[in-house]
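Sharing a structure with you now.
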Amino acid sequence: MATQKMLGFVHTEQRMPEKRKAEARRQDFNEIYARFTDKGAVEQANRCSQCGVPFCQVHCPVSNNIPDWLKLTAEGRLEEAYELSQATNNLPEICGRICPQDRLCEGNCTIEQSTHGTVTIGAVEKYITETAFDNGWVKPIVPRMEREQSVAIIGAGPAGLAAADQLRKKGYQVHVYDRYDRVGGLLMYGIPGFKLEKDVVIRRWKLLEEGGVKFHLGVEVGRNIDMRTLRAEHDAVLIATGVYKARDLGGPGAGLDGIVPALDYLTASNRKSLGDTVLDFETGKLNAKGKKVVVIGGGDTAMDCVRTAIRQGAMSVKCVYRRDRKNMPGSQRETANAEEEGVEFVWQTAPEGFTGDAHVTGVKAYKMHMGVADATGRQTPLPIEGSNFTMEADLVIKALGFDPEEIPSLFGVPELKVSRWGTVQVKYATMMTNLDGVFAAGDIVRGASLVVWGIKDGRDAAAGIHNYIQAKIAQGLAVAAE
Ligand SMILES: Cc1cc2nc3c(=O)[nH]c(=O)nc-3n(C[C@H](O)[C@H](O)[C@H](O)COP(=O)(O)OP(=O)(O)OC[C@H]3O[C@@H](n4cnc5c(N)ncnc54)[C@H](O)[C@@H]3O)c2cc1C
Ligand code: SF4
């Protein structure tokens with residue numbers, strides 16, 4: 001019970017402000033959901049007023065037909081609700097769990113806007129899909145016809161998986177190449193298991209495999225196989241490689257032991273939970289147990305790090321961010337959860353260096369104040385002179401965001417057009433790059449984004465690839481007929 005309280009699952013409703021009450025109801029529903037009872041889901045679905053202005057749907061990147069599947073759920077027609085929900089979303093069980101719904105569908109629910117607390121759309125989506133899996137309604141793909149054309153997909157993250165699903169349904173021979181040993185990309189190794197259980201990702205992987213998608217794991221494009229070969233062997237290629245170049249911190253002491261990148265830390269934790277032997281975890285390098293942890297950054301990755309550190313039994317966990325709470329990029333809901341779990345937020349603070357001989361012992365920082373807004377309307381943080389101080393730390397996790405790797409040089413295609421940030425440029429109508437038959441989707445196009453946007457891009461790219469291949473076939477037939 002004490003742990004449950006610490007992790008924010010127990011609420012004393014009477015003392016909470018309205019907004020927190022709504023959140024508490026949501027958590028309670030999640031708890032009901034976790035036991036797979038229908039009551040919570042039907043109650044929630046019944047709360048939808050069918051308002052006729054589906055802002056929830058408009059703000060869902062894959063345009064899920066939310067009001068209709070809520071109605072079907074309320075009527076107990078779950079198989080139909082599932083059919084409708086999976087028609088627009090290739091990974092509904094995953095989005096239901098980890099979409100930042102407060103910024104998307106639920107944040108725009110009319111009932112939420114009228115201060116009565118949102119319909120818990122994500123939880124219902126998860127419930128519908130889990131019920132479908134339990135009842136055997138989710139089946140491996142059986143394409144209506146097999147096509148001889150093949151597509152290579154580089155990257156088995158959400159964008160690659162959504163495209164693979166869509167293309168395989170059309171009967172293409174789909175080959176997914178990934179440098180990791182497991183499918184899922186950040187779903188598997190980035191996002192922690194307390195937000196997204198790994199068996200949920202593995203179940204989807206196996207389902208796609210049963211449906212005929214071929215996964216080539218441990219294959220790094222640019223090292224084990226080159227782009228030229230992929231283009232020669234397949235009718236189209238999709239780049240869905242995500243963004244993995246971690247932004248770094250400088251300053252005196254930046255090279256000390258005990259200062260680690262967020263993704264190394266999260267990957268070690270995820271691998272450990274999957275039963276892998278992780279040397280850096282065993283030696284304590286990537287394990288927060290008993291440590292004074294300082295996480296630098298204010299995004300969702302930082303929230304995942306602080307919450308993982310708490311679960312690993314850290315002595316204390318601080319999150320250092322240079323702006324104030326309302327200007328942080330991370331989800332407000334996750335921040336509130338982290339606070340409830342015991343994380344201390346050190347707002348308007350920037351690191352300037354680290355103390356320690358060989359191993360870090362502290363983070364030197366100074367306070368910031370919020371200055372005038374820049375061209376984007378966001379206030380610029382400015383240092384406060386003489387405000388320097390040092391925080392004790394024996395594990396510092398850098399969670400400052402990610403940039404794209406240099407795809408044109410890595411893949412040996414210098415002519416591939418990228419933006420000044422290194423993201424691959426596409427024509428959005430087709431998702432094709434400037435290279436004929438080479439498409440791109442997900443974070444590598446948008447920069448670090450969200451799972452549901454990756455799915456949307458993967459679906460759009462699959463449509464673009466289908467049109468491209470069909471046009472090529474039609475062209476070939478026309479030439480042959482001349
Ligand atoms: C810690 C963390 C937590 C997050 N939490 C959330 C969340 O709660 N909700 C949410 O919606 N989003 C979250 N995100 C963002 C989300 O995970 C990404 O937006 C999404 O995974 C992007 O999908 P993708 O398919 O483009 O790329 P990825 O998921 O990154 O997948 C890319 C794949 O390509 C492979 N690859 C890369 N280069 C090569 C190569 N050369 N050869 C072969 N394979 C290659 C990689 O191994 C990887 O498997 C989080 C991100 C992080 C880092
Ligand atoms: S996919 Fe995400 S945004 Fe869309 S309905 Fe589901 S939880 Fe909401």
Side-chain angles (χ1 to χ4, degrees), residues 56-57 59-66 69-70 85 88-109 118 120-126 128-129 153-163 176-192 195-196 216-227 230 238-244 246 262-263 265-267 270 299-305 308 330-331 334 399 401-402 404-405 407 410-411 440-458:
C56 54
Q57 181 170 5
H59 288 86
C60 166
V62 288
S63 303
N64 271 341
N65 192 342
I66 301 161
W69 51 248
L70 284 176
S85 117
T88 47
N89 190 351
N90 304 78
L91 307 171
E93 73 284 17
I94 289 172
C95 290
R97 282 169 167 88
I98 58 159
C99 267
Q101 287 103 4
D102 53 347
R103 288 186 252 155
L104 301 170
C105 53
E106 293 180 13
N108 292 281
C109 166
T118 178
T120 58
I121 297 164
V124 176
E125 187 176 28
K126 170 180 156 188
I128 294 169
T129 321
I153 296 177
I154 313 170
L161 294 183
V176 182
Y177 299 83
D178 202 294
R179 61 186 173 193
Y180 279 144
D181 54 346
R182 292 185 176 94
V183 162
L186 289 172
L187 303 177
M188 184 63 81
Y189 288 129
I191 300 171
K195 274 168 60 181
L196 175 61
H216 305 268
L217 300 177
V219 178
E220 182 164 351
V221 176
R223 205 159 68 130
N224 309 109
I225 189 165
D226 62 23
M227 189 68 159
L230 288 180
L238 173 66
I239 304 172
T241 48
V243 289
Y244 284 88
L263 203 55
Y265 172 69
L266 293 171
T267 303
N270 279 319
D300 289 333
T301 303
M303 293 311 105
D304 286 346
C305 291
T308 300
S331 147
E334 287 215 42
F402 302 92
E405 293 160 290
I407 297 291
L410 276 177
F411 285 12
D443 281 7
I444 193 58
V445 172
R446 294 177 180 271
S449 178
L450 292 174
V451 168
V452 65
W453 281 113
I455 296 170
K456 149 104 176 107
D457 286 353

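Order of listing sets the numbers, starting from 1, for every ligand and every atom in it.
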Can you find a pair of side-chain heavy atoms, one from Leu230 and one from Ile225, that are under 4.5 Å apart?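 Yes, at least one pair of side-chain atoms sits under 4.5 Å.
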Quick one: are Cys305 and Leu266 in side-chain contact, heavy atoms under 4.5 Å?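 Yes; the side chains approach each other to less than 4.5 Å.
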With heavy atoms of Val219 as the reference, note each atom of ligand 1 found under 4.0 Å away.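 Within the 4.0 Å cut-off of Val219, ligand 1 contributes 42 (N), 43 (C).
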Close-contact set for ligand 2 against Glu125 heavy atoms, below 4.0 Å: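 Per the distance check, 1 (S), 5 (S), 6 (Fe), 7 (S).
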Is there any N or O on Ala159 that sits under 3.5 Å from an N or O of ligand 1?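 Such a contact does occur with ligand 1.
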Shortest protein contact, atom 37 (C) of ligand 1 (heavy atom only):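 In this structure, atom 37 (C) of ligand 1 has Thr241 O, 3.2 Å as its nearest protein heavy atom.
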Could you list the atoms of ligand 2 found under 4.0 angstrom from a heavy atom of Asn64?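 It comes down to these atoms of ligand 2: 1 (S), 4 (Fe), 5 (S), 6 (Fe).
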Donor-acceptor pair, Asn108 side chain versus His59 backbone, under 3.5 Å?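 No, because the side chain of Asn108 does not come within donor-acceptor range (under 3.5 Å) of the backbone of His59.
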Check whether any side-chain heavy atom of Met188 lies under 4.5 Å from a side-chain heavy atom of Tyr180, and answer yes or no.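 Not touching, per the 4.5 Å side-chain cut-off.
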If I take atom CZ from residue Phe402 and atom CG from residue Asp443, how far apart are they, to the nearest 0.5 angstrom?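 The CZ atom of Phe402 sits 10.0 Å away from the CG atom of Asp443.
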Could you go step by step and tell me if Asp178 and Val183 meet the side-chain contact (heavy atoms from CB on, under 4.5 Å) rule? CA-CA 8 Å; Asp178 202 294; Val183 162; over 6 Å; no
Looking only at distance, does Glu220 have an N or O less than 3.5 Å from an N or O of ligand 1?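 The answer is no, given that Glu220 and ligand 1 share no N or O pair closer than 3.5 Å.
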Side chains of Leu91 and Pro158: closer than 4.5 Å at any heavy-atom pair?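 They are in contact (side-chain heavy atoms under 4.5 Å apart), so the answer is yes.
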Between Pro158 and ligand 1, does any nitrogen or oxygen pair lie at a separation below 3.5 Å?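 Checking ligand 1 against Pro158, an N or O pair does fall under 3.5 Å apart.
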Protein contact of atom 4 (Fe) of ligand 2 - nearest heavy atom, named by residue and atom, plus distance: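 Answer for atom 4 (Fe) of ligand 2: Cys60 SG, 2.4 Å.
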Indicate yes or no: does an N/O atom of Leu186 lie under 3.5 Å from an N/O atom of ligand 1?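 The answer is yes, given that Leu186 and ligand 1 share an N or O pair closer than 3.5 Å.
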Can you tell me which residue and heavy atom of the protein come closest to atom 42 (N) of ligand 1, and the distance to 0.1 Å?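 Ranked first by proximity to atom 42 (N) of ligand 1 is Val221 N, 2.9 Å.
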Between atom 2 (Fe) of ligand 2 and Cys99, is there an N, O or S atom separated by less than 2.8 Å?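 For Cys99, the answer is yes, given that an N, O or S atom comes within less than 2.8 Å of atom 2 (Fe) of ligand 2.
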Gly185, Ala240, Cys305: member with heavy atom nearest to atom 32 (C) of ligand 1: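 Ranked by closest heavy atom to atom 32 (C) of ligand 1, first place is Ala240.
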Distance under 4.0 Å to a non-hydrogen atom of Phe411: what atoms of ligand 1 satisfy this?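 Counting atoms of ligand 1 from 1, those under 4.0 Å from Phe411 are 41 (N).
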Considering distance alone, does some N or O of Ile444 sit under 3.5 Å from an N or O of ligand 1?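 Among all N and O atoms of Ile444, none is under 3.5 Å from an N or O of ligand 1.
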Could you identify the single nearest non-hydrogen protein atom to atom 8 (Fe) of ligand 2 and state the distance to 0.1 Å?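 Checking every protein heavy atom, the shortest distance to atom 8 (Fe) of ligand 2 gives Cys105 SG, 2.3 Å.
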Specify the protein heavy atom at minimum distance from atom 27 (O) of ligand 1: its residue, its atom name, and the distance to 0.1 Å.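 Answer, as residue, atom name and distance: Gly242 CA, 3.5 Å.
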Indicate yes or no: at least one non-hydrogen side-chain atom of Ile121 is less than 4.5 angstrom from one of Trp69.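 Yes, at least one pair of side-chain atoms sits under 4.5 Å.
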Could you go step by step and tell me if Cys95 and Val452 meet the side-chain contact (heavy atoms from CB on, under 4.5 Å) rule? CA-CA 6 Å; Cys95 290; Val452 65; 4.0 Å; yes
Starting at CD of Glu125, measure out to CD of Gln101 and round the result to the nearest 0.5 Å.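 Answer for the CD-CD pair, Glu125 versus Gln101, is 8.0 Å.
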Say whether Pro100, considering both its backbone and side-chain N or O atoms, lies within less than 3.5 Å of an N or O atom on ligand 1.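 No, since none of the N or O atoms of Pro100 sits under 3.5 Å from an N or O of ligand 1.
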Residue and atom name of the nearest protein heavy atom (relative to atom 34 (O) of ligand 1), distance in Å to one decimal: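 For atom 34 (O) of ligand 1, the nearest protein heavy atom comes out as Gly155 CA, 3.2 Å.
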Does Ile98 reach ligand 1 with a nitrogen or oxygen that is under 3.5 Å from one of the ligand's nitrogen or oxygen atoms?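 Indeed, backbone or side chain, Ile98 has an N or O that close.
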Any side-chain heavy-atom pair from Glu106 and Asp102 closer than 4.5 angstrom?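 Side-chain contact under 4.5 Å: no.
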Need the ligand 1 atom indices (1-based, order shown) with element for anything under 4.0 Å from a heavy-atom of Tyr180.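 Answer for ligand 1: 47 (O), 49 (O).
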If you have a sec, work out which protein heavy atom is nearest atom 18 (C) of ligand 1 and how many Å separate them, to one decimal?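 Answer for atom 18 (C) of ligand 1: Asp443 OD2, 3.3 Å.
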Is any side-chain N of the basic residue among Arg179 and Glu405 closer than 4.0 Å to the acidic one's carboxylate O?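 Salt bridge present between Arg179 and Glu405.
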Would you mind running through ligand 1 and noting each atom that sits below 4.0 Å from a heavy atom of Phe402?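 Counting from 1, the qualifying ligand atoms are 53 (C).
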What is the nearest protein non-hydrogen atom to atom 11 (O) of ligand 1, stated with its residue, atom name and distance?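 Here the nearest protein heavy atom works out to Val451 N, 3.0 Å.
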For Asp304, atoms of ligand 1 separated by under 4.0 Å from a heavy atom: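 What qualifies from ligand 1 is 1 (C), 2 (C), 3 (C), 4 (C), 5 (N).
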CG of Leu186 to OG1 of Thr267: how many Å apart, nearest 0.5 Å?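 Taking CG in Leu186 and OG1 in Thr267, the distance rounds to 8.0 Å.
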Subset of ligand 1 atoms that lie under 4.0 Å from at least one heavy atom of Leu266: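 Every atom of ligand 1 under 4.0 Å from some heavy atom of Leu266: 1 (C).
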Winner among Asp181, Asp178, Val176, Ile154 once heavy atoms are compared against atom 46 (C) of ligand 1: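 Nearest heavy atom to atom 46 (C) of ligand 1 lies in Asp178.
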If I take atom CG from residue Asn65 and atom CG from residue Asn89, how far apart are they, to the nearest 0.5 angstrom?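 Taking CG in Asn65 and CG in Asn89, the distance rounds to 12.5 Å.
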Show me which atoms of ligand 2 lie under 4.0 Å from any heavy atom of Ile66.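 Ligand 2 atoms under the 4.0 Å threshold to Ile66: 5 (S).
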Just jot down the ligand 1 atoms closer than 4.0 angstrom to any heavy atom of Gly442, in number order.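 That gives atoms 26 (O) of ligand 1.
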Closest non-hydrogen protein atom to atom 6 (C) of ligand 1, residue and atom name please, with distance?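 The answer is Ile191 CD1, 3.7 Å.
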Interatomic spacing from OG1 in Thr301 to CG in Leu263 - rounded to 0.5 Å: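 Between atom OG1 of Thr301 and atom CG of Leu263 there are 8.0 Å.
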Just to be sure I read this right, does ligand 1 sit under 4.0 Å from the backbone of Lys195, its side chain, both, or neither, counting only heavy atoms?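 Lys195 to ligand 1: side-chain contact only, backbone stays beyond 4.0 Å.
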Does Gly442 offer a backbone N or O that forms a donor-acceptor pair with the side chain of Asp457 under 3.5 Å?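 Yes; judged by distance alone, with no hydrogens or angles, the pair exists.
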Would you say Glu405 and ligand 1 have an N/O pair spaced under 3.5 Å apart?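 No, no N or O pair falls under 3.5 Å.
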Hey, which atoms in ligand 1 end up nearer than 4.0 Å to a heavy atom of Tyr244?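 So the answer, numbered in order with elements, is 28 (P), 30 (O), 31 (O), 32 (C), 46 (C), 48 (C).
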For atom 3 (S) of ligand 2, which candidate among Leu104, Val451, Asn89, Val452 provides the closest heavy atom?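 Selected option, by shortest heavy-atom distance: Leu104.
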Is there any N or O on Glu334 that sits under 3.5 Å from an N or O of ligand 1?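 So ligand 1 has no N or O lying under 3.5 Å from an N or O of Glu334.
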Look at the N, O or S atoms of Cys95, main chain and side chain alike, and state whether any lies under 2.8 Å from atom 4 (Fe) of ligand 2.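 Checking Cys95: none of its N, O or S atoms is under 2.8 Å.
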Enter the distance from Lys195:NZ to Ile94:CD1 here, rounded to the nearest 0.5 Å.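 Atom-to-atom, Lys195:NZ and Ile94:CD1 are 13.0 Å apart.
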For Tyr189 and Asp181, test the side chains for any donor-to-acceptor distance below 3.5 angstrom and give the result as yes or no.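 Note: Tyr189 and Asp181 side chains meet the donor-acceptor criterion.
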Find out whether Ile66 and Cys105 are in side-chain contact, i.e. whether some heavy atom of one side chain is under 4.5 Å from a heavy atom of the other.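 SC-SC contact between Ile66 and Cys105 confirmed.
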Taking the side chain as everything from C-beta on, heavy atoms only, tell me whether Tyr177 gets closer than 4.5 Å to Thr241.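 The answer is no; the side chains never approach within 4.5 Å.
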Which residue holds the protein heavy atom closest to atom 36 (N) of ligand 1, what is that atom called, and what is the gap in Å?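 Here the closest protein heavy atom is Arg179 NE, 3.8 Å.
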